[in-house]
*Asks:* 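Can you keep this structure in mind? I'll have questions shortly.
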Amino acid sequence: MREKILKILKSSSGYISGETISSQLGVSRAAIWKHIKALREDGYEIESVTNKGYRLTKSPDRLTAAELSDGLSTSLIGQHAVFFEETDSTNIQAKRFSEQPDGTVFVTECQTGGKGRLGRSWFGPPGVGVWMSLLLKPSLAPEDVPQLTLIAGLAVCRAVRTVSHLPAMIKWPNDVILNGKKICGILTELSAEMEQVNFVVCGIGVNVNTEGFGGELSKKATSLLIESGTPQDRKAIAQSVLTEFEALYRLFLKEGFSPLLPEYKSFCATLGKDVTISRAGKEESARAVDIDSSGCLVIDQSGTRTSIQSGEVSVRGIYGYA
Ligand code: BTN
């Protein structure tokens, strides 16, 4: 109900009477008043003037379902959103509620047990990031799912460039970096039968307004605030990620990864670098020379070229994280 009232307030240019809202929603004026009070407690500034009604004058910097869907122009991704003030992990929630419709976004203000790739954890403090997971139900072969992860990285890269005008790049397969440090991580999890995907959860964490990182993390993590010196609009970033993801996802489902490859390569900071590949507890040196049409990284080791899939591999530059 609160979300519906918010939608009405946001779509009316001037004042709107309690009576109009109550008749539009089929609830009493007293109930409307109670919800307005709760919205104010959540940080919405709502004026009320006798004989005129209510007017929304300011929205708080909160990434709730209502804020995420306000003005979102997608047709699938994020059309349904589930919000948690605080949760362990939005990926866990998406898997828990996997019966929700295709394209549902699970979003939280604060993640207490965020999951990263390769069993790592993810720092998700309150009110400063975009911590969200997309529930997807594509008709795809399980082996093509890693490409979705690359698409999510490309979507974040585009969004940061468009909204914040910062030169985001991609560290293969899907970390988004700025000035050599990580601003975004993506964790894709899959539920599948032998030949068919049940659902995919694509978890995206963007460090937007994090003021600092402690200890070892400070060497490889950064945020849009730290790099730009100004707080950035979390809602605009999140909506742009969803919009870009939808466009890329639709094209990918129709035509595969090939049409997206040139743009992905143009943003891929890993190409041309000497890297260390860690797989199954072993480290090898190689030069990253190309990305193939299925999104694998092509490496050169003493003149021999091989392709590696994202899966259980970690790649880092020999001179630092990127
Ligand atoms: C990584 O770089 O290791 C991946 C990090 C993924 C973090 C995001 S935050 C939202 C979603 N929920 C999680 O628990 N993890 C992902």
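None of these values were measured; they are calculated from a predicted model.
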*Asks:* So does E99 have more than 12 non-hydrogen atoms from other groups sitting under 6.0 Å from CD?
*Replies:*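 Enclosed.
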*Asks:* Using only atom types and a distance under 3.5 Å, with no angle test, would you say the side chain of E45 pairs donor to acceptor with the backbone of S59?
*Replies:*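 No, the answer is negative, given that no donor and acceptor are paired below the 3.5 Å cut-off.
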*Asks:* Is there a donor-acceptor pair under 3.5 Å between the side chain of R305 and the backbone N or O of V298?
*Replies:*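 Absent.
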*Asks:* Looking at every heavy atom in both A81 and L68, which two are closest together, and how far apart are they?
*Replies:*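 Smallest heavy-atom distance, with atoms named: CB-CD2, 4.5 Å.
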*Asks:* With side-chain hydrogen bond (donor to acceptor under 3.5 Å, both in side chains) as the test, would you mind laying out the steps for E86 and T108 before giving the verdict?
*Replies:* CA-CA 6 Å; E86 180 183 299; T108 188; over 6 Å; no
*Asks:* Work out which heavy atom in P138 is nearest to a heavy atom in L253; give both atom names and the distance.
*Replies:*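 Result for this residue pair: CB-CD2, 4.0 Å.
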*Asks:* Please name the pair of heavy atoms, one in I237 and one in A159, separated by the smallest distance, quoted to 0.1 Å.
*Replies:*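 Of all heavy-atom pairs spanning I237 and A159, the closest is O-CB, 4.1 Å.
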*Asks:* Does any N or O in the side chain of K171 come within less than 3.5 Å of the main-chain N or O of V315, such that one atom is a donor and the other an acceptor?
*Replies:*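 Yes.
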*Asks:* Regarding S285 and Q301, do their side chains bring together a donor and an acceptor under 3.5 Å, going by distance alone?
*Replies:*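 No pair is found: no donor N or O on one side chain lies under 3.5 Å from an acceptor on the other.
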*Asks:* Using atom types as modelled and distance alone, determine if a side-chain donor or acceptor of K181 lies under 3.5 Å from a backbone N or O of S218.
*Replies:*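 Yes.
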*Asks:* How are the rings of F84 and F106 set relative to one another: parallel (under 30°), tilted (30 to 60°) or perpendicular (over 60°)?
*Replies:*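 Ring orientation of F84 relative to F106: parallel.
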*Asks:* Write down the atom of Q239, the atom of T243, and the distance for their closest heavy-atom approach.
*Replies:*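 Closest pair (atom of Q239, atom of T243, distance): O-OG1, 2.7 Å.
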*Asks:* So, S164 versus Q232: side-chain donor-acceptor pair below 3.5 Å or not?
*Replies:*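 Yes, side-chain donor-acceptor contact under 3.5 Å.
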*Asks:* Could you tell me if the side chain of I170 sits less than 4.5 Å from the side chain of D175, heavy atoms only?
*Replies:*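 In short, these two side chains do not touch, never coming nearer than 4.5 Å.
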*Asks:* Checking side-chain polar atoms at under 3.5 Å, does T90 have a donor or acceptor matched by the opposite partner on S133?
*Replies:*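 Yes, side-chain donor-acceptor contact under 3.5 Å.
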*Asks:* Is it the case that the side chains of T149 and R117 hold a donor-acceptor pair, with the cut-off being a distance below 3.5 Å and no angle test?
*Replies:*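 There is no such pair (donor and acceptor under 3.5 Å, judged by atom type) between the side chains of R117 and T149.
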*Asks:* Can a side-chain donor-acceptor contact be found between T87 and Q111 if the only test is distance below 3.5 angstrom?
*Replies:*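 Checked: Q111/T87 side chains show no N/O donor-acceptor pair below 3.5 Å.
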*Asks:* Would you check if there is a donor-acceptor pair between the side chains of D88 and T112 at a distance under 3.5 Å?
*Replies:*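 No pair is found: no donor N or O on one side chain lies under 3.5 Å from an acceptor on the other.
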*Asks:* Decide whether S294 and D292 meet the rule of one side-chain donor and one side-chain acceptor closer than 3.5 Å.
*Replies:*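 A pair is found: one side chain offers a donor N or O, the other an acceptor, under 3.5 Å apart.
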*Asks:* I'd like to know if the side chain of R40 and the backbone of I46 have a donor-acceptor N/O pair within less than 3.5 Å.
*Replies:*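 Flag set: sc R40 to bb I46 pair under 3.5 Å.
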*Asks:* Strictly by ring-ring contact (aromatic ring centres under 6.0 Å, His included), give each pair with a member in residues 230-249 just once, sequence neighbours left out.
*Replies:*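 Those involving residues 230-249 are F245-Y249.
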*Asks:* Please give me the minimum heavy-atom distance between T188 and C202, naming the atom from each residue.
*Replies:*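 Closest approach of T188 to C202, heavy atoms only: OG1-SG, 3.9 Å.
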*Asks:* Kindly give the heavy-atom pair with the smallest separation between N207 and K182, and that separation in Å.
*Replies:*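 Reported closest heavy-atom pair: ND2-O, 3.7 Å.
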*Asks:* Please check if any side-chain donor atom of E227 sits under 3.5 Å from a side-chain acceptor atom of T222, or the reverse.
*Replies:*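 Looking only at side-chain atoms, T222 and E227 do form a donor-acceptor pair, the distance falling under 3.5 Å.
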*Asks:* Can you confirm whether more than 12 heavy atoms, excluding those of K7, are under 6.0 Å from its NZ atom?
*Replies:*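 No - once you tally the heavy atoms of other residues, nucleotides and ligands closer than 6.0 Å, there are 12 at most.
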*Asks:* Check whether any side-chain heavy atom of E47 lies under 4.5 Å from a side-chain heavy atom of K52, and answer yes or no.
*Replies:*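 The answer is no; the side chains never approach within 4.5 Å.
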